[in-house]
Amino acid sequence: MTPQLEQCLFDEMKLLKDHWMKQYRSFDSTQIPFIEATLNQMFKEAKRIKTHALGDTKLRDTVSFSGDDASNEFIHVMCCCFGEWIEHDGVELQKALYKHNLRNTDDWFPVVLIMQQINEMSFPNEQITVYRGCHNSQLESDVYRNRQPWTTSLEEAKKFAFSHPSDEQHRQESVVLKATVARTDILWDRGHESEMVLKIGFTPCSIEVMEIAYDDYNREQNISIYDSTLAV
């Protein structure tokens with residue numbers, strides 16, 4: 001990967017490098033040459049389109065999707081990121097990537113860092129209660145402090161914990177965190193899904209796990225859980 005490409009990904013797009021590199025390194029020696037060559041070519045083409053304001057040129061039409069399914073999916077995601085890079089700069093670029101519709105799916109998407117204040121919070125209080133639905137390991141390892149999306153809505157947090165994950169095991173291992181945070185730790189009051197974007201590395205005034213599990217959520221929603229041990 002060229003220094004120019006790294007600068008674009010991690011300095012301009014503000015992608016979380018450790019998260020991105022973990023996905024990149026998950027590919028094997030048969031996949032990496034295709035991915036690296038395609039990334040470099042895609043960056044070169046995106047730079048040409050952006051520099052010369054070639055708005056009628058579609059980046060995707062210039063990209064080769066000749067790898068295996070996993071490689072092509074990674075390239076598809078990065079093509080979407082470069083598409084936003086062509087259209088936006090600075091904080092508007094980070095906002096566009098953060099709001100991208102692929103980000104809220106089970107498929108991999110880069111973690112995008114919001115590093116500066118976007119807007120004033122709509123709440124007058126100095127401390128705010130926020131919630132996050134996530135895997136239980138985020139609390140055990142303090143990862144939650146480096147995860148920016150939280151919400152003031154308990155119901156939304158429950159959905160992210162127990163409805164959004166596609167596999168049963170992940171849903172069973174999910175929790176809802178409840179935290180009290182300082183007003184100054186909130187960078188962006190998005191409004192959408194009552195989301196609050198918090199500073200990276202924030203320290204909560206208090207943090208706890210809500211006493212609700214996947215089975216409790218399903219009972220609230222009147223959802224039946226299939227039990228294979230009952231099958232004839």
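Hydrogens, waters and symmetry mates play no part in the numbers below; they use all other heavy atoms, side chains included.
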[X] and [Y]: same hydrophobic cluster, using ILVMFWY side-chain contacts below 4.5 Å?
| X | Y | result |
| --- | --- | --- |
| Leu113 | Leu9 | no |
| Ile75 | Met21 | yes |
| Trp85 | Leu97 | yes |
| Val91 | Leu16 | no |
| Leu177 | Phe160 | no |

| query | With sequence neighbours left out, what residues match Ala37 under side chain to side chain contact (heavy atoms under 4.5 Å, CB included)? | reply |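 For Ala37, no residue satisfies side chain to side chain contact (heavy atoms under 4.5 Å, CB included) once neighbours in sequence are set aside.
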May I ask you to test the [X]-[Y] pair for a side-chain heavy-atom distance under 4.5 Å?
| X | Y | result |
| --- | --- | --- |
| Leu15 | Met78 | yes |
| Asp69 | Glu73 | no |
| Glu87 | Glu92 | no |
| Leu59 | Cys79 | yes |
| Leu139 | Val175 | no |

| Trace of the side chain to side chain contact (heavy atoms under 4.5 Å, CB included) decision for Met196 with Leu198 | CA-CA 6 Å; Met196 297 288 170; Leu198 272 58; 3.9 Å; yes
| task | Applying salt bridge (Lys or Arg N to Asp or Glu O under 4.0 Å), run through Lys50 and Asp89 and close with a yes or a no. | result | CA-CA 10 Å; Lys50 185 180 182 78; Asp89 293 295; 2.9 Å; yes
Does the side chain of [X] come under 3.5 Å of the side chain of [Y] through a donor N or O and an acceptor N or O?
| X | Y | answer |
| --- | --- | --- |
| Ser194 | Thr151 | no |
| Glu45 | Gln41 | no |
| Thr203 | Arg145 | yes |

Please check: side-chain N/O of [X] versus main-chain N/O of [Y], any donor-acceptor pairing under 3.5 Å?
| X | Y | answer |
| --- | --- | --- |
| His100 | Leu102 | yes |
| Gln148 | Lys199 | no |
| Asn119 | Asp189 | yes |
| Asn40 | Glu36 | yes |
| Asn125 | Gln127 | no |

Indicate the atoms forming the closest heavy-atom contact of [X] with [Y], along with that distance.
| X | Y | value |
| --- | --- | --- |
| Phe34 | Gly67 | CZ-N, 3.4 Å |
| Gln94 | Glu12 | NE2-O, 2.7 Å |
| Pro33 | Ser29 | CD-O, 3.1 Å |
| Gln31 | Ala70 | NE2-CB, 4.1 Å |
| Ala161 | Gly133 | CB-CA, 3.7 Å |
| Phe109 | Cys81 | CZ-SG, 4.0 Å |

Does atom [atom1] of [X] have more than 12 heavy-atom neighbours from other groups under 6.0 Å away?
| X | atom1 | answer |
| --- | --- | --- |
| Asp61 | CG | yes |
| Lys47 | NZ | no |
| Met115 | CE | no |

| message | As a quick check of understanding, evaluate side chain to side chain contact (heavy atoms under 4.5 Å, CB included) for Val63 and Phe82, giving each step before the final call. | response | CA-CA 11 Å; Val63 177; Phe82 279 115; over 6 Å; no
| message | Just to verify, what does Tyr144 make a ring-ring contact (aromatic ring centres under 6.0 Å, His included) with, not counting sequence neighbours? | response |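 Expected list: none.
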| query | Looking at Trp108 versus Phe74, is the centre-to-centre ring distance below 6.0 Å? | reply |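 Yes, ring centres under 6.0 Å apart.
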| Using the ring of each side chain (for Trp, its six-membered ring), is Tyr24 parallel, tilted or perpendicular to Trp20, with breaks at 30° and 60°? |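 Tyr24 vs Trp20 ring planes: parallel.
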| query | Taking the inter-plane angle between the rings of Phe65 and His76 on a 0 to 90° scale, is it parallel (under 30°), tilted (30 to 60°) or perpendicular (over 60°)? | reply |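 The arrangement is tilted - the two ring planes meet at 30° to 60°.
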| query | Is it true that Glu6 and Lys17 have a side-chain N and a carboxylate O under 4.0 angstrom from each other? | reply |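 The answer is yes: the pair qualifies as a salt bridge.
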| Given Asp18 and Lys22, is the side chain to side chain contact (heavy atoms under 4.5 Å, CB included) satisfied, shown in steps? | CA-CA 6 Å; Asp18 288 349; Lys22 181 180 180 180; over 6 Å; no
| said: Holding to side chain to side chain donor-acceptor pair (under 3.5 Å), I want the full list of residues that pass it with Glu195, two or more places apart in sequence or in another chain. | reply: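 Glu195: side chain to side chain donor-acceptor pair (under 3.5 Å) contacts with Tyr98, Arg190.
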| request: List the steps and the verdict of side chain to side chain contact (heavy atoms under 4.5 Å, CB included) for Lys158 and Ser163. | output: CA-CA 7 Å; Lys158 289 178 185 179; Ser163 181; over 6 Å; no
